[in-house]
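All values derive from a computational prediction rather than experimental measurement.
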Amino acid sequence: MNLWKRLSKAEKKSEALKKINEADLLTIDDFGLGALIAQEQSLAYEIIKSHADNLSTIIVSQRPCADWYGWLGGKYITDGASDRIINFYYLIELKGESRRALGRKQARKQRGFVKLDGLSN
């Protein structure tokens, strides 16, 4: 179960958010992967907002930043989150093949698989 769903189902959301905010480093992987309901959008904003000021956060996403707008819930939530991300976070955009794809290619090459007629074994 992902972070947003776990938080939205937590009986005491304030206590769960407090534990997250006590972390020296918060890493959110696969940010923006699935759809969010309104309550989950609000929780994502709260975490981004609280960590922007003085807590270390790493957000990893396959979703381009430009697509976060609709995913986070539209104008007000996204404007607040985007403003904090742009002004308090370092954005590093990686381009090219994924490490998994490169690893598979390298493993195939090491095992002697070759490409035939545009198909690979």
Side-chain angles (χ1 to χ4, degrees):
M1 183 181 305
N2 73 35
L3 173 66
W4 316 120
K5 292 199 185 325
R6 288 179 82 174
L7 281 173
S8 68
K9 291 181 179 186
E11 286 184 33
K12 298 181 179 178
K13 287 172 193 44
S14 61
E15 285 183 25
L17 287 170
K18 183 180 176 189
K19 282 186 179 183
I20 289 171
N21 289 333
E22 289 173 352
D24 292 330
L25 172 66
L26 174 66
T27 302
I28 303 172
D29 194 14
D30 291 332
F31 187 75
L33 201 56
L36 296 179
I37 61 171
Q39 183 180 19
E40 295 165 347
Q41 292 167 340
S42 183
L43 289 166
Y45 168 74
E46 286 299 321
I47 289 171
I48 290 169
K49 180 181 80 165
S50 63
H51 274 252
D53 292 331
N54 58 6
L55 299 168
S56 298
T57 308
I58 297 172
I59 299 174
V60 180
S61 180
Q62 293 178 11
R63 182 183 295 261
C65 293
D67 293 351
W68 292 6
Y69 197 84
W71 180 77
L72 275 171
K75 184 159 179 48
Y76 300 109
I77 288 176
T78 307
D79 284 350
S82 298
D83 180 59
R84 284 167 176 85
I85 290 169
I86 290 167
N87 291 301
F88 293 100
Y89 291 64
Y90 293 100
L91 296 176
I92 301 170
E93 188 174 355
L94 304 177
K95 297 187 185 274
E97 290 189 78
S98 75
R99 300 281 298 157
R100 289 181 195 100
L102 292 172
R104 279 193 307 271
K105 281 184 181 180
Q106 188 175 30
R108 285 180 178 168
K109 192 180 283 187
Q110 288 174 349
R111 289 188 298 236
F113 288 112
V114 294
K115 216 173 194 181
L116 301 172
D117 297 323
L119 302 173
S120 97
N121 294 339

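Between the side chain of D83 and the backbone N or O of D79, no donor-acceptor pair lies under 3.5 Å. In this structure a side-chain-to-backbone donor-acceptor pair under 3.5 Å is missing from S56 to L25.
Atom CG of N21 is separated from atom NZ of K49 by 10.0 Å, given to the nearest 0.5 angstrom. With values rounded to the nearest 0.5 angstrom, I48 atom CD1 is found 9.5 Å from R84 atom CZ. Atoms NZ and NZ, from K105 and K109 in turn, are 8.5 Å apart once rounded to the nearest 0.5 Å. Atom CD1 of I59 is separated from atom CG of D29 by 11.0 Å, given to the nearest 0.5 angstrom. Atom CD1 of I37 is separated from atom CG of L43 by 9.0 Å, given to the nearest 0.5 angstrom.
In this structure, the side chains of I47 and I20 come closer than 4.5 Å at one or more pairs of heavy atoms. In this structure, the side chains of Q62 and F31 stay at 4.5 Å or more apart for every pair of heavy atoms. Side chains of L26 and I58 form no contact here, defined as non-hydrogen atoms less than 4.5 Å apart.
The 12-atom threshold is exceeded at CD of E22, counting heavy atoms of other residues, nucleotides or ligands nearer than 6.0 Å.
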